[in-house]
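Have a look at the structure below before the remarks.
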Amino acid sequence: MTEKPRAEPPWLKFYGSVPPTLDYPDISLYEGVARVAARSPHAVAWEYFGTRATYRQLVGDIDRCAALLTSLGLKTGERMLISMPTTPQGVIAFYAVNRIGAVAVMIHPLSTAAEITHYLDATGARMALVLDAFYATLAAATPSQALKAIVVASVTDPLPALKRAAFWLSKGHAIAPLPRDTRIHRWSEAMHAAPARWMSRRSADDEAVILFSGGTTALPKGIRLSNRAFVAQAIQAAAWCRLCEGNSMLAILPLFHGFGLAVCVNAVLMAGGTSILVPQFSAPIVAGLLKKRGANVLVGVPTLFDALTREPLLQRTDLSCLKLCFCGADTLPRVVKERFEALVKARGGDVKLLEGYGLTEAVSGIMAMPLDHYREGSIGVPFPDMFAKICAPDTTDEVPVGTEGEICLAGPAQMM
């Protein structure tokens with residue numbers, strides 16, 4: 001949809017201090033993070049089970065990973081499969097692939113062998129990053145072209161020795177050893193051995209990411225997203241949520257999901273904040289992180305907030321740290337909203353749980369409730385420079401207010 005709106009959008013009156021239009025630099029995802037590192041090298045970029053990395057360290061790791069991937073044969077324009085939970089290696093590899101000018105294909109780490117076969121054949125990816133616990137499923141996939149290199153990571157790679165040992169004693173010993181295969185490269189070893197290589201720079205309009213969306217019928221479809229779309233969505237989300245340096249967000253939603261990757265990681269990093277990486281959701285883990293880390297921003301789905309209201313640890317936790325909470329992906333029941341807000345207020349905070357809406361075809365969240373308004377049952381209003389209207393099915397003809405139809409969207413965050 002390329003037509004310009006014929007009149008000023010009626011939702012601008014709800015914008016408050018948010019500008020109706022924003023500036024979007026012609027940069028890649030890697031360049032966006034590198035700019036923050038140049039500006040604030042000592043700010044904390046990510047935290048993972050108590051381990052932290054500054055922006056300078058993050059960019060250094062991205063560059064080393066890009067060198068590793070080029071040494072393994074990944075080239076500009078090629079696709080690489082990333083099958084990882086929300087861990088530092090998944091984040092680093094995502095930006096390293098972009099550094100090379102290749103395309104990151106993000107998939108669910110619990111995908112079946114048949115699903116992985118579909119993803120590999122659909123994208124032509126010949127290289128993959130996978131967690132050691134899920135290597136066997138990846139190896140069982142039967143794509144038309146075999147993988148030429150597999151980088152295998154462990155959830156403990158970023159952790160200090162004592163924590164790695166504790167994990168091995170509790171869970172790690174149950175993970176099957178890797179077979180002898182010349183295609184396998186251990187993350188922890190390969191990252192330190194990678195030679196320096198020339199890196200490619202591609203334009204903002206080049207393809208950067210493929211995310212798969214299940215929809216409601218047939219096999220999941222790959223959605224091609226450009227650097228420009230991802231950068232634009234990050235800038236829009238940061239402006240709407242007032243994200244800035246010093247903010248921290250719990251990255252509970254997974255990397256293969258647009259919301260988890262685009263908002264909880266990319267938008268936070270491009271704003272100079274800290275992404276607190278949570279590889280597996282459970283109410284006690286999230287409650288513990290809120291207690292220890294004091295995150296400012298929490299986003300999730302209704303079931304997450306419902307579970308948190310029932311978590312005993314939160315009944316004893318100071319929640320004054322929370323400044324912003326958004327809920328998406330499904331209808332937020334009013335009882336869950338009210339129960340969560342009451343819990344936060346009882347524990348020293350004052351925050352509203354607001355709804356938002358997004359879709360993978362536009363990267364992720366592209367509309368949400370304003371911070372100072374609430375309307376029950378509403379998904380809010382479009383972000384700056386995003387346009388929406390309700391149309392008669394299979395047309396772009398707008399229908400009268402109150403009439404059911406299809407939502408038609410346009411803006412800089414839309415898919416290629």
Side-chain angles (χ1 to χ4, degrees), residues 25 27-69 82 84-100 104 106 129 153 155-160 163 187-188 191-192 199 208-209 227 230-231 233-235 237-239 241-255 257 259-279 289-290 292-299 321 323-324 364:
I27 58 174
S28 67
L29 291 167
Y30 170 81
E31 289 173 305
V33 174
R35 286 186 177 190
V36 178
R39 184 175 70 243
S40 305
H42 303 297
V44 176
W46 60 257
E47 183 175 323
Y48 178 74
F49 291 122
T51 299
R52 298 179 177 182
T54 65
Y55 275 88
R56 175 180 289 172
Q57 291 170 327
L58 171 60
V59 170
D61 285 338
I62 293 169
D63 289 345
R64 277 187 290 276
C65 184
L68 163 63
L69 299 179
I82 297 179
M84 292 290 291
T86 308
T87 64
Q89 305 100 309
V91 174
I92 291 165
F94 171 72
Y95 289 103
V97 169
N98 190 261
R99 174 80 166 94
I100 297 168
M106 313 299 290
L129 168 66
V155 292
T156 63
D157 286 335
L159 302 179
K163 289 187 176 181
W187 173 278
S188 55
M191 279 283 283
H192 294 292
M199 306 298 174
V209 189
N227 282 292
F230 246 84
V231 169
Q233 195 280 335
I235 292 172
C241 300
R242 321 304 202 260
L243 291 177
C244 60
E245 291 187 23
N247 289 154
S248 59
M249 181 186 293
L250 287 183
I252 303 167
L253 300 173
L255 292 180
H257 191 283
F259 207 160
L261 181 64
V263 177
C264 299
V265 174
N266 190 56
V268 175
L269 294 181
M270 286 196 61
T274 301
S275 184
I276 304 172
L277 306 176
V278 186
L289 286 169
L290 285 172
K292 294 176 183 177
R293 186 61 180 82
N296 310 126
V297 185
L298 181 61
V299 298
C321 59
K323 306 301 180 187
L324 188 67
S364 177

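Worth saying up front: this structure is predicted, and the values here are computed from it rather than measured.
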Are the side chains of [X] and [Y] in touch, meaning some heavy atoms are under 4.5 Å apart?
{"X": "Val263", "Y": "Gln233", "answer": "yes"}
{"X": "Ser248", "Y": "Glu47", "answer": "no"}
{"X": "Met106", "Y": "Leu261", "answer": "yes"}
{"X": "Ser40", "Y": "Tyr55", "answer": "no"}
{"X": "Leu243", "Y": "Met249", "answer": "yes"}
{"X": "Leu277", "Y": "Phe49", "answer": "no"}
{"X": "Asn247", "Y": "Leu324", "answer": "no"}
{"X": "Thr87", "Y": "Asp157", "answer": "no"}

How long is the gap from [atom1] on [X] to [atom2] on [Y], to the nearest 0.5 Å?
{"X": "Ser28", "Y": "Ile100", "atom1": "OG", "atom2": "CD1", "value": "12.0 Å"}
{"X": "Ile252", "Y": "Leu289", "atom1": "CD1", "atom2": "CG", "value": "8.0 Å"}
{"X": "Asn296", "Y": "Leu290", "atom1": "CG", "atom2": "CG", "value": "10.5 Å"}
{"X": "Thr274", "Y": "Leu250", "atom1": "OG1", "atom2": "CG", "value": "11.0 Å"}
{"X": "Phe230", "Y": "Ile235", "atom1": "CZ", "atom2": "CD1", "value": "13.5 Å"}

If you take all heavy atoms of [X] and [Y], which pair is closest and at what distance?
{"X": "Gln89", "Y": "Ala153", "answer": "NE2-CB, 3.7 Å"}
{"X": "Thr86", "Y": "Pro254", "answer": "OG1-CA, 3.4 Å"}
{"X": "Arg293", "Y": "Ile276", "answer": "CG-CD1, 3.0 Å"}
{"X": "Ala208", "Y": "Leu29", "answer": "CB-CD1, 4.1 Å"}
{"X": "Arg64", "Y": "Gln57", "answer": "NH2-O, 4.5 Å"}
{"X": "Ala234", "Y": "Asn266", "answer": "CB-ND2, 3.5 Å"}

Practice task
Determine, step by step, whether Tyr30 and Val59 satisfy the side chain to side chain contact (heavy atoms under 4.5 Å, CB included) criterion, reporting the C-alpha distance in whole Å, the side-chain angles of both residues, the deciding distance to 0.1 Å, and the verdict.
Solution key: CA-CA 9 Å; Tyr30 170 81; Val59 170; 3.7 Å; yes

Practice task
Determine yes or no for a side-chain-to-main-chain donor-acceptor pair under 3.5 angstrom, with Tyr48 supplying the side chain and Val155 the backbone.
Solution key: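 Looks like yes, one N/O pair under 3.5 Å.
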
Practice task
Determine yes or no for a side-chain-to-main-chain donor-acceptor pair under 3.5 angstrom, with Ser275 supplying the side chain and Cys264 the backbone.
Solution key: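 Judged by distance alone, yes, a pair lies under 3.5 Å.
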
Exercise for the section: Could you please spell out the steps behind the side chain to side chain contact (heavy atoms under 4.5 Å, CB included) verdict for Leu269 and Leu58? Expected result: CA-CA 10 Å; Leu269 294 181; Leu58 171 60; 4.1 Å; yes

Handout entry: Test side chain to side chain contact (heavy atoms under 4.5 Å, CB included) applied to Leu129 and Ile82, Ile92, Leu69, the passing residue
Key =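 Result for side chain to side chain contact (heavy atoms under 4.5 Å, CB included) with Leu129: Ile82.
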
Exercise for the section: In sequence, state the C-alpha distance, the side-chain angles, and the governing distance for Tyr95 and Asp61, and then conclude on side-chain hydrogen bond (donor to acceptor under 3.5 Å, both in side chains). Expected result: CA-CA 10 Å; Tyr95 289 103; Asp61 285 338; over 6 Å; no

Practice task
Show the numbers, then the answer: is there a side chain to side chain contact (heavy atoms under 4.5 Å, CB included) between Glu245 and Arg39?
Solution key: CA-CA 11 Å; Glu245 291 187 23; Arg39 184 175 70 243; 3.0 Å; yes

